[in-house]
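In this text, all values refer to a predicted model and were calculated from it rather than measured experimentally. Hydrogens, waters and symmetry mates play no part in the numbers below; they use all other heavy atoms, side chains included.
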Amino acid sequence: MTPLFPTPDYYLTNLITMTSSEATRLWRRAIKESFDRTCVYCGKSYELHELTIDHVKPRSKGGETITRNCVPACQCCNQDKGSEHWEDWMLARFGLHPQRKQLILDHING
C-alpha cells in the first residue's frame, strides 16, 4: 500500500527538484504526518499548523537537522524541553511512558 504522504526521507532525496522552501515545508509536514499529527512527548493530537519540529538532540548540543533527529512536538513541550535531554525531561514531566519513549527510540535509531 502506498502511503498518502511520502516519507520525510523522500523529500530529502528529491530536494533538487523542488525549491528549498517547498522542500522544507513538505519535509516538516511529512514528519508530522508520520507521527499521526501527535506530539511525541505529551501524546496529544494537533492540527498540522499547531505542531512544531523538535530536535531530539538539540542543535546546541551537536544535534543535526536530519529526519532521525526531528520529531513533531506541540509548542508547549518544545519550549519546555528546551535543550534538556529528551528522556530525562519526559520522565520528569510526564512520568513513565514506555510506548512514547519507544516511539522516539525507534525513530532516532531508524
Side-chain angles (χ1 to χ4, degrees):
M1 181 170 98
T2 304
L4 182 60
F5 294 98
T7 66
D9 288 331
Y10 167 85
Y11 293 111
L12 289 179
T13 311
N14 292 289
L15 280 174
I16 205 150
T17 62
M18 300 181 231
T19 65
S20 181
S21 61
E22 178 186 18
T24 300
R25 182 181 58 77
L26 292 172
W27 174 75
R28 294 170 67 84
R29 180 184 177 129
I31 290 173
K32 295 171 186 179
E33 291 287 352
S34 69
F35 285 88
D36 296 324
R37 301 176 184 198
T38 301
C39 173
V40 295
Y41 301 120
C42 67
K44 295 179 185 174
S45 295
Y46 291 89
E47 295 294 323
L48 283 174
H49 69 277
E50 297 174 310
L51 288 169
T52 63
I53 297 296
D54 182 55
H55 292 80
V56 178
K57 180 179 182 181
R59 292 187 303 170
S60 64
K61 295 187 178 182
E64 298 179 85
T65 303
I66 58 173
T67 301
R68 286 188 182 167
N69 190 44
C70 294
V71 294
C74 66
Q75 291 181 13
C76 182
C77 286
N78 197 343
Q79 290 174 351
D80 192 37
K81 177 184 157 279
S83 62
E84 288 187 55
H85 185 277
W86 69 271
E87 196 171 357
D88 297 336
W89 175 81
M90 271 186 65
L91 183 60
R93 170 84 183 206
F94 300 110
L96 290 174
H97 283 278
Q99 290 176 323
R100 288 204 306 264
K101 177 181 172 181
Q102 191 60 50
L103 181 69
I104 295 169
L105 288 172
D106 289 346
H107 180 70
I108 62 177
N109 294 323

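The minimum heavy-atom distance between Ile53 and Asn78, with the atom names listed, is O-ND2, 3.5 Å. For the pair Pro72 and Leu51, the tightest heavy-atom approach, listed with the atom from each and the gap, is CB-CD1, 4.2 Å. Pro58 and Gly82 make their closest contact through CG-O, 4.2 Å (heavy atoms, listed as atom of the first residue, atom of the second, distance). Of all heavy-atom pairs between Val56 and Tyr41, the closest is CA-OH, 4.2 Å.
Taken to the nearest 0.5 Å, the CG atom of Leu105 stands 5.5 Å off from the CD atom of Gln102. Separation of atoms CD1 (Ile66) and CD1 (Ile108) is listed at 10.5 Å; rounding is to 0.5 Å. Taking CZ of Arg25 as the reference point, atom CZ of Arg29 lies at 7.5 Å (rounded to 0.5 Å).
Residues Arg28 and Ile31 form no side-chain contact, since every pair of their non-hydrogen atoms from C-beta on lies 4.5 Å or further apart.
Ring to ring, His107 and Phe35 are close: their centroids are under 6.0 angstrom apart.
The 12-atom threshold is not exceeded at CD of Gln99, counting heavy atoms of other residues, nucleotides or ligands nearer than 6.0 Å.
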Would you sort out whether Trp27 and Cys70 count as a side chain to side chain contact (heavy atoms under 4.5 Å, CB included), showing the intermediate values?
CA-CA 10 Å; Trp27 174 75; Cys70 294; 3.6 Å; yes

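Clustering ILVMFWY residues whenever any of their side-chain heavy atoms sit less than 4.5 angstrom apart, transitively, puts Phe94 in the very cluster that holds Val40.
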Acceptor/donor pairs from residues 86-93 side chains to any protein atom, 3.5 angstrom cut, sequence neighbours excluded:
unit_1 : atom_1 : unit_2 : atom_2 : d
Glu87  : OE2    : Lys101 : NZ     : 2.6
Trp89  : NE1    : Asp80  : OD2    : 3.2
Arg93  : NH1    : Asp80  : OD2    : 2.7

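Asn69 places a side-chain N or O within 3.5 Å of a backbone atom of Lys57 that can act as its donor or acceptor partner. Within the 3.5 Å criterion, the main-chain N or O of Ala73 finds a donor-acceptor partner in the side chain of Thr52. Using a distance-only test at 3.5 Å, with no hydrogens or angles considered, no donor-acceptor pair links the side chain of Ser34 to the main chain of Lys32.
Evaluation of the salt bridge (charged side-chain N to carboxylate O under 4.0 Å, His left out) test over residues 58-74, restricted to residues two or more places apart or in two chains, returns none. For the salt bridge (charged side-chain N to carboxylate O under 4.0 Å, His left out) condition, the pairs that include at least one residue of residues 42-54, sequence neighbours left out, are Asp54-Lys81.
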